Amino acid sequence: MPEALTVTVVGAGGKMGMRVSANLQRGPYVTLYAETFPAARDRVTAAGRTLTDAMDAVPRSDVVILAVPDVLLGEISADIVPAAKPGAIILTLDPAAAYAGVLARRDDLHLAVAHPCHPSIFLERTSAAEWADTFGGEAAPQDVVAAIESGGAEARERAEQVVRAMYAPVLDVHWVTVEQLAYLEPTLVETITCMISGLLKEALHETVTTVGVPEAAAKAMLLGHTQVALTNSLRGSNPFSEACLIAMDYGRESIIRDDWKKVFDRSELDHVIARMLRISQVRHAAAESPAPRDPATS
Ligand SMILES: NC(=O)c1ccc[n+]([C@@H]2O[C@H](COP(=O)([O-])OP(=O)(O)OC[C@H]3O[C@@H](n4cnc5c(N)ncnc54)[C@H](O)[C@@H]3O)[C@@H](O)[C@H]2O)c1
């Protein structure tokens, strides 16, 4: 029997820390849980897990998961990285800090990032538990997008094994570069998709409060049409009607700026990530790293 991997979750009492800990606990790992904030420490112990000091846990770990706030990743990694054992994987759950070059690094460690995709709106859910699991990581299967900056096949397999366990049930793990992952999150999903979801909520509010449409009617119309609009646009399920296309053009002219695609410029990505991390500017550590552009070939 190969020796079980030792995995440490730093920030084990936070939102993601609690989620990934619950899944790792069920796997064939020696899992250690580190947490500093008193209320969060209570959450870890209330879940039946024993706390370990990060400085005791990290030197023993094959994989160290940094489930801590992104704005703290620079200072926390400065403590954790020197204590890690050679060959360990330092795994963050969001690409911003890795992209911005704020993480402490060591040549003999592997820096990885793995972000859950959350279950697809088009997932064929067959049970009440799958319907209830909108976030993923409990019952509804999801994909994960991940990046690793160095290391060969063994490091990537070790990272994928842990990533599949902590976000389980997982369908596919898509390996990309840190920069590509940063274009997925924040640009594609937070800057655009989450922003549009906020706009939908505001539009519902306007329809109800300004125009005076009964809320139940407005909600029913919005939720059903959100589903059909997404399946029409993203899967080509049905064509939009001619009148609908005219109204869609009017909406785009009225609401969307002509230059909106500038959010895909690298300078804009740098700008938003610096804002998110509350730093003056990003350092392009990802581009300067020895990582190949296509990790599938590493
Ligand atoms: N919340 C989400 O929906 C979500 C989804 C995907 C990825 N992420 C990513 O997961 C990571 C964690 O986010 P979160 O939302 O779980 O944050 P959170 O604030 O809920 O939890 C962070 C935890 O880290 C703990 N912590 C802070 N400093 C620590 C230290 N020095 N040692 C040990 N523990 C420490 C805090 O006490 C807290 O319990 C971030 O990188 C975030 O981008 C979050």
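Both counts, for ligands and for their atoms, begin at 1 and track the order of listing. These numbers were taken from a predicted model, which means no experiment stands behind them. We're numbering straight along the sequence, starting at 1.
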Asker: Please name the pair of heavy atoms, one in Ala218 and one in Thr207, separated by the smallest distance, quoted to 0.1 Å.
Answerer: CB-CG2, 4.2 Å
Asker: If we ignore angles and hydrogens, is there a donor and acceptor under 3.5 Å between the side chains of Asp270 and His284?
Answerer: yes
Asker: Salt bridge (Lys or Arg N to Asp or Glu O under 4.0 Å): which pairs involve residues 78-91, sequence neighbours left out?
Answerer: Asp62-Lys85
Asker: As a test of reading the model: which N/O atoms of the protein lie under 3.5 Å from N/O atoms of ligand 1, and at what distance?
Answerer:
from	atom 1	to	atom 2	distance (Å)
ligand 1	16 (O)	Lys15	N	3.4
ligand 1	16 (O)	Met16	N	2.8
ligand 1	20 (O)	Lys15	N	2.9
ligand 1	20 (O)	Lys15	NZ	3.0
ligand 1	34 (N)	Gly11	N	3.4
ligand 1	37 (O)	Glu35	OE2	2.5
ligand 1	39 (O)	Gly14	N	3.3
ligand 1	39 (O)	Glu35	OE1	2.8
ligand 1	39 (O)	Glu35	OE2	3.4
ligand 1	41 (O)	Asp70	OD1	2.6
ligand 1	43 (O)	Asp70	OD1	3.4
ligand 1	43 (O)	Asp70	OD2	2.6

Asker: Could you walk me through whether Arg49 and Val9 pass the side-chain contact (heavy atoms from CB on, under 4.5 Å) test, one step at a time?
Answerer: CA-CA 11 Å; Arg49 298 188 272 273; Val9 183; over 6 Å; no
Asker: Begin with the C-alpha distance, continue with both residues' side-chain angles, and end with the deciding distance and a verdict on side-chain contact (heavy atoms from CB on, under 4.5 Å) for Gln161 and Glu157.
Answerer: CA-CA 6 Å; Gln161 184 191 337; Glu157 275 163 28; over 6 Å; no
Asker: Applying side-chain contact (heavy atoms from CB on, under 4.5 Å) to Tyr99 and Leu277, what does each step give before you reach the verdict?
Answerer: CA-CA 11 Å; Tyr99 176 82; Leu277 296 177; over 6 Å; no
